[in-house]
Amino acid sequence: MYNSDTIYSNFTPIAKSAVIGYRISGPLTLVILANLTNFDFSKKPNFVFYKKLYDQKKELIDIANIVYFKSPRSFTGEDIAEIYIHGSLAIASHLEKAISCISHLGIRAAKKGEFSFRAMLNNKITLKQGHSINNMIVSDNIGLINYSKKILFNGDQESALYGLKDYIVNIYSKIITTIDFTEDENFELKSILLDINIFFKNVQDALTKNRTTIEQKNILNIMIIGDVNTGKSTIFNKIVDSERAIVTNIKGTTRDIISENMIYNHKTFKIFDTAGYRKKQGKVELIGYKKALKISKNIDHFFIVFNGKLTKTALKRMINDFSIGTNYTLISNKSDIQKNSISLANVIETNRDMLRLQLLKKLKLVNIYNKQIKTGKKELSLNKNELIFLENILKKKDYLLEQKDILIIQEIIRNIIDDFSEDFGYINNEDILDNVFSKFCIGK
Ligand SMILES: Nc1nc2c(ncn2[C@@H]2O[C@H](COP(=O)(O)OP(=O)(O)O)[C@@H](O)[C@H]2O)c(=O)[nH]1
Ligand SMILES: [Mg+2]
C-alpha cells in the first residue's frame with residue numbers, strides 16, 4: 001500500500017447549492033471522523049450516518065450524512081470518508097478549517113487528481129481507467145463517453161491498443177529468438193518484416209475505423225447573422241433563455257461573438273450571436289464581424305435575420321462571406337411592425353413577443369439537428385489521445401521497413417514497446433503520472 005498523507009477536498013463545486021461533498025482519504029481518516037463527530041466509524045463501514053460535526057472548540061459546524069469506506073474496499077484503496085454537508089460556503093470553510101486544525105501531522109488538502117492517482121498507485125484502477133474517468137466527465141461526445149465507460153468497467157483490453165501491444169511484443173520475441181538461435185537470419189528477417197507490415201496494417205485499420213466515428217458530432221452549431229439592429233441578439237437571448245447578449249436600439253451593440261450551449265428535446269445546440277453587418281462599421285465591430293466569418297467554417301446552420309425586406313445582393317453577400325451552402329433559414333423578424341415582403345418559400349416570421357417554445361418550434365430546431373447529426377450507435381475502441389498515439393507510431397513505418405539490419409529493427413521495435421508501456425502506465429514514472437492526474441478536477 002502506498003504510504004501517504006491523509007488528504008481532503010471538496011468533490012462537488014463549492015457553490016450555494018443543496019449539498020457540498022467532501023472526501024477524505026488516507027490512514028488518518030478515522031481520526032478525523034472521530035474528531036469531527038465523536039463517533040467511532042471503524043466498525044461500521046459502508047453505512048450512511050446522519051451526524052453532527054463539531055470543530056476543535058466544540059462549536060457545531062453542521063449536521064451531515066457521512067459514509068466511511070474501509071481500506072482496501074474504497075475508490076483509492078485507502079480508508080475514505082465522504083461527508084455531505086449543506087451547500088453553504090460558510091459551512092464548507094468552517095469544515096475545512098476544523099479538519100486542518102486537527103493536531104496530527106500528515107493531514108493536508110488534496111492536489112488535483114490525487115484521489116485517482118492514489119487509486120492507480122494502489123492498483124484500484126489502471127492509468128487508462130484514470131484517463132477514462134476524466135474523459136467521461138469532460139467529454140461532450142457520446143461515443144467517447146461510452147468508450148470511457150467500457151474501459152472503466154471492463155478494463156484496458158477494451159482499447160484497440162491492447163491487441164496491438166501484444167502483437168508488437170510477439171514480434172519482439174521473434175526477433176530475439178532469431179538473433180540468439182537462428183543461422184539463416186535473412187530468411188527469418190523476411191518473415192519478421194511481413195509481421196511488421198501486418199502490425200502497421202492493423203494500426204491503420206484501427207485509425208480508419210475510429211477516426212470517422214470520433215469526429216461525429218453531438219452538438220449542432222448554429223450562427224445568427226444579419227444586418228445590425230434586426231433583432232439577432234433578441235432572438236439569441238430567447239433561444240438560449242438568458243439575457244447574456246446586450247440588446248439595444250443603438251446600432252452595433254453586439255461587437256464580439258457570444259455563444260451559449262442549450263439543450264432542447266434532449267439535443268445539444270451551440271448558438272452563436274454575432275455582430276451585424278453595416279457599411280459604416282465602427283472598427284471594433286468590424287473585428288467582431290471578421291471573427292464571425294472566421295468561426296463560420298465550423299457552423300452547421302445559419303439563421304439569417306432581416307426585417308421585412310432583404311435585397312438579393314445582401315443575401316448573396318452574406319452567403320458568400322460566410323460560405324453558406326444550403327444550410328440556412330431566413331428569418332423575417334419584427335413581424336409586429338414589418339411584414340415579410342420577400343417571396344422566398346423558406347421565410348419564417350418572428351417577433352420579440354413570441355414565447356420561447358413557440359419560437360423554438362417555429363425555427364424547426366429538431367429538424368435541423370436530425371438532418372445533420374446522426375445519432376446511431378457509436379462504437380469506439382480508441383479515444384483522442386490514443387488516436388494521436390497511433391498516428392505517431394504509424395510515422396515510424398517507412399523508416400522501419402527500410403532497415404536491413406536486424407539489430408536496428410530490434411532497437412526500433414523496442415522503442416515502440418516502450419511507447420506502449422508508457423501509454424498503459426507500465427513504466428511507473430511518478431513525474432509523468434503527476435502530470436497526467438493534475439489535469440483532473442479537484443476531489444477526483
Ligand atoms: N418591434 C420589435 N422590435 C424588436 C424586435 N426584436 C428586437 N427588437 C428591437 O430591435 C432593437 C435591436 O435589437 P437587437 O437584438 O440588439 O438587434 P441586433 O443588432 O441584430 O442584435 C432593440 O431595440 C430590440 O428591442 C421585434 O420583434 N419587434
Ligand atoms: Mg446584437
Side-chain angles (χ1 to χ4, degrees), residues 220-262 264 269-324 327-365 368:
L220 190 88
N221 296 310
I222 297 179
M223 187 178 259
I224 306 174
I225 59 171
D227 287 357
V228 269
N229 225 24
T230 49
K232 296 181 298 299
S233 297
T234 308
I235 292 174
F236 171 84
N237 284 340
K238 193 160 274 177
I239 294 176
V240 303
D241 209 8
S242 81
E243 293 298 320
R244 203 175 140 191
I246 308 160
V247 177
T248 68
N249 55 9
I250 305 158
K251 290 187 174 182
T253 312
T254 312
R255 293 187 160 162
D256 213 333
I257 303 146
I258 290 171
S259 69
E260 199 77 69
N261 291 328
M262 187 231 3
Y264 174 62
F269 297 84
K270 186 167 188 174
I271 315 287
F272 294 78
D273 186 20
T274 60
Y277 175 90
R278 64 184 162 131
K279 279 190 188 129
K280 270 192 194 162
Q281 273 171 323
K283 215 172 167 193
V284 186
E285 203 184 348
L286 188 65
I287 294 170
Y289 189 71
K290 282 186 177 162
K291 266 195 195 165
L293 292 181
K294 224 171 160 185
I295 290 179
S296 67
K297 280 191 220 88
N298 298 318
I299 297 297
D300 307 299
H301 193 92
F302 290 86
F303 286 157
I304 302 178
V305 184
F306 61 99
N307 297 147
K309 32 188 195 301
L310 178 69
T311 63
K312 271 190 183 141
T313 339
L315 178 60
K316 237 180 168 171
R317 188 200 70 233
M318 280 186 270
I319 288 180
N320 257 327
D321 282 1
F322 289 93
S323 316
I324 302 173
N327 294 325
Y328 65 89
T329 310
L330 291 169
I331 299 175
S332 178
N333 189 41
K334 305 196 186 182
S335 65
D336 52 327
I337 51 170
Q338 231 168 338
K339 291 287 172 223
N340 169 45
S341 67
I342 72 160
S343 55
L344 286 169
N346 57 338
V347 179
I348 290 173
E349 287 201 17
T350 61
N351 66 64
R352 67 177 166 197
D353 300 322
M354 287 171 79
L355 295 173
R356 177 169 183 262
L357 288 180
Q358 200 184 351
L359 175 70
L360 295 185
K361 208 165 170 189
K362 207 158 187 191
L363 291 173
K364 298 199 170 78
L365 285 175
I368 295 169

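Bear in mind that the values here come from a model prediction, so they are computed numbers and not experimental data. Just so you know, ligand 1 is whichever comes first in the structure, and atom 1 is the first atom listed for that ligand. Values below: all heavy atoms of this structure, side chains included; hydrogens, waters and symmetry mates excluded.
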- request: Decide whether an N or O pair under 3.5 Å exists between T350 and ligand 1.
  value: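 Such a contact does not occur with ligand 1.
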
message: Considering both backbone and side-chain atoms of D273, is one of its nitrogen or oxygen atoms within less than 3.5 Å of a nitrogen or oxygen in ligand 1?
response: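 No, no N or O pair falls under 3.5 Å.
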
Using a strict 4.0 Å cut-off to heavy atoms of [X], name the atoms of ligand 1 that fall inside it.
X    : result
D336 : 1 (N), 2 (C), 26 (C), 27 (O), 28 (N)
I337 : 1 (N)
N351 : 27 (O)
S233 : 15 (O), 18 (P), 21 (O)

- request: Any salt bridge (charged side-chain N to carboxylate O under 4.0 Å, His left out) involving residues 295-304? Give me the pairs, sequence neighbours left out, ordered by first then second residue.
  value: K217-D300

field: Heavy-atom nearest option to atom 12 (C) of ligand 1, drawn from N237, N333, T274, N229
entry: N229

- line: Restricting to heavy atoms, the pick from K238, K232, K334 nearest atom 10 (O) of ligand 1 would be K334

pair [X]-[Y]: side-chain heavy atoms closer than 4.5 Å:
X    : Y    : result
F269 : I368 : no
L363 : H301 : no
F303 : N333 : no

task: Indicate whether any N or O donor in one side chain lies under 3.5 Å from an N or O acceptor in the other, for D273 and S233.
output: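 Yes, S233 and D273 have a side-chain donor paired with an acceptor closer than 3.5 Å.
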
T230 side chain to N307 side chain, donor-acceptor N/O pair below 3.5 angstrom: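 No donor-acceptor contact under 3.5 Å links the two side chains.
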
query: What part of V305 sits under 4.0 Å from ligand 1 if we count only heavy atoms: the side chain, the backbone, both or neither?
result: neither

query: Backbone or side chain, does S233 get an N/O/S atom under 2.8 Å to the Mg ion (ligand 2)?
result: yes

query: What residues, two or more places apart in sequence or in another chain, satisfy side-chain hydrogen bond (donor to acceptor under 3.5 Å, both in side chains) together with N340?
result: none

